[in-house]
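Counting from 1, the numbers follow the sequence of the chain as shown. The figures here come from the full heavy-atom set of this structure, side chains too, leaving out hydrogens, waters and symmetry mates.
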Amino acid sequence: PQFSPKLLKLVRWIPPITGLCLNVDSASKGNPGLCGGGGCIRDEHGSVRVAFAHFYEDGNSMIAEIRALCDGLRLADFLGLRLSIVYTDSSILANSFNEGRCPSWRAYRWWWEANARIQRSAYRITHVYQEANQVADGLRSSLFKSVNLVTSLIRLRLSRSG
């Protein structure tokens with residue numbers, strides 16, 4: 001039988017040399033559909049300084065990615081935390097900032113704000129494999145579990161009252 005050899009690749013989270021890093025991730029249940037995102041800011045030891053997760057209602061995966069990034073940058077600025085690098089598992093998102101082109105006109109307002117913050121503070125935005133972005137992935141996943149629970153409780157209450 002014919003087979004192709006698999007190449008193994010070691011994937012791990014690499015801490016920032018100085019400052020802090022922001023990891024972001026998002027998800028969309030349908031494209032468009034319900035979407036949300038989250039992330040965390042970590043130090044050079046891997047300790048989480050702050051984490052966030054937001055539900056964005058209707059949108060697509062690119063809107064959710066850009067909004068999660070924008071929210072993370074806003075949070076870092078608000079808390080006065082100095083980032084040195086931003087990690088995302090979306091290569092399209094990372095490339096859009098490195099090339100200076102927004103990938104979706106629907107997400108332009110968040111992309112523009114994030115780009116202004118990146119340019120002003122000289123953050124480096126880098127693509128990482130999903131396996132190296134597990135903390136942000138977990139926050140994003142927990143968001144949809146919470147939304148599903150709230151939606152179920154609302155439906156239960158409506159069915160009892162009506």
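- Nearest approach of Gly38 to Ala68, heavy atoms of both residues: N-CB, 4.0 Å.
- Atom CG of Leu83 and atom CG of Asp77 lie 7.5 Å apart (nearest 0.5 Å).
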Going by atom type alone, with no hydrogens or angles, which donor-acceptor pairs under 3.5 Å involve a side-chain atom of residues 90-98 and a protein atom two or more places apart or on another chain?
residue, atom, partner, partner atom, Å
Ser90, OG, Leu93, N, 3.1
Asn95, ND2, Ser91, O, 3.2
Ser96, OG, Leu93, O, 2.7
Ser96, OG, Trp111, NE1, 3.1
Asn98, ND2, Ala94, O, 3.1

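- Using a distance-only test at 3.5 Å, with no hydrogens or angles considered, no donor-acceptor pair links the side chain of Asp25 to the main chain of Asp89.
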message: Between Val50 and Leu81, is the side-chain contact (heavy atoms from CB on, under 4.5 Å) condition met? List the steps.
response: CA-CA 10 Å; Val50 65; Leu81 300 175; 4.1 Å; yes

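- Between Leu69 and Ala114 the shortest heavy-atom distance is CD2-CB, 4.2 Å.
- In the hydrophobic clustering of ILVMFWY residues, with side-chain heavy atoms under 4.5 Å counting as a link, Ile66 and Trp105 come out apart.
- With sequence neighbours left out, Arg120 forms a side-chain hydrogen bond (donor to acceptor under 3.5 Å, both in side chains) with no residue at all.
- Annotation for Ala64 and Gly36: closest pair CB-O, 3.7 Å, computed over non-hydrogen atoms.
- Here the CE-SG distance, from Met62 to Cys35, works out to 12.0 Å after rounding to the nearest 0.5 Å.
- The CG atom of Leu22 sits 10.5 Å away from the OG atom of Ser84 when rounded to the nearest 0.5 Å.
- Residues Ser61 and Asn31 are in side-chain contact: their nearest non-hydrogen atoms beyond the backbone lie under 4.5 Å apart.
- Residues Ser28 and Gly33 share a closest heavy-atom pair of OG-N, 4.2 Å.
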task: Go through the steps for Cys21 and Tyr87 under the test side-chain contact (heavy atoms from CB on, under 4.5 Å), then give the verdict.
output: CA-CA 7 Å; Cys21 73; Tyr87 295 114; 3.8 Å; yes

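- For the salt bridge (Lys or Arg N to Asp or Glu O under 4.0 Å) condition, no pair includes a residue of residues 79-88, sequence neighbours left out.
- Separating the CZ atom in Arg106 from the CD1 atom in Ile63 is a distance of 6.5 Å, to the nearest 0.5 Å.
- With sequence neighbours left out, Trp110 forms a side-chain hydrogen bond (donor to acceptor under 3.5 Å, both in side chains) with no residue at all.
- When hydrophobic clusters are built by joining Ile, Leu, Val, Met, Phe, Trp and Tyr residues whose side-chain heavy atoms come closer than 4.5 Å, directly or via intermediates, Val86 is grouped together with Leu79.
- Under the rule for a salt bridge (Lys or Arg N to Asp or Glu O under 4.0 Å), the partners of Glu99 that lie at least two apart in sequence or sit in another chain are Arg101.
- Summarising the geometry, atom CD1 belonging to Ile85 is positioned 3.5 Å from atom OG1 belonging to Thr126; distances are rounded to the nearest 0.5 Å.
- Atom CZ of residue Arg42 and atom CG of residue Leu20 lie 11.5 Å apart, to the nearest 0.5 angstrom.
- Identified under the salt bridge (Lys or Arg N to Asp or Glu O under 4.0 Å) test for residues 60-76, with sequence neighbours left out: Asp71-Arg74, Arg74-Glu113.
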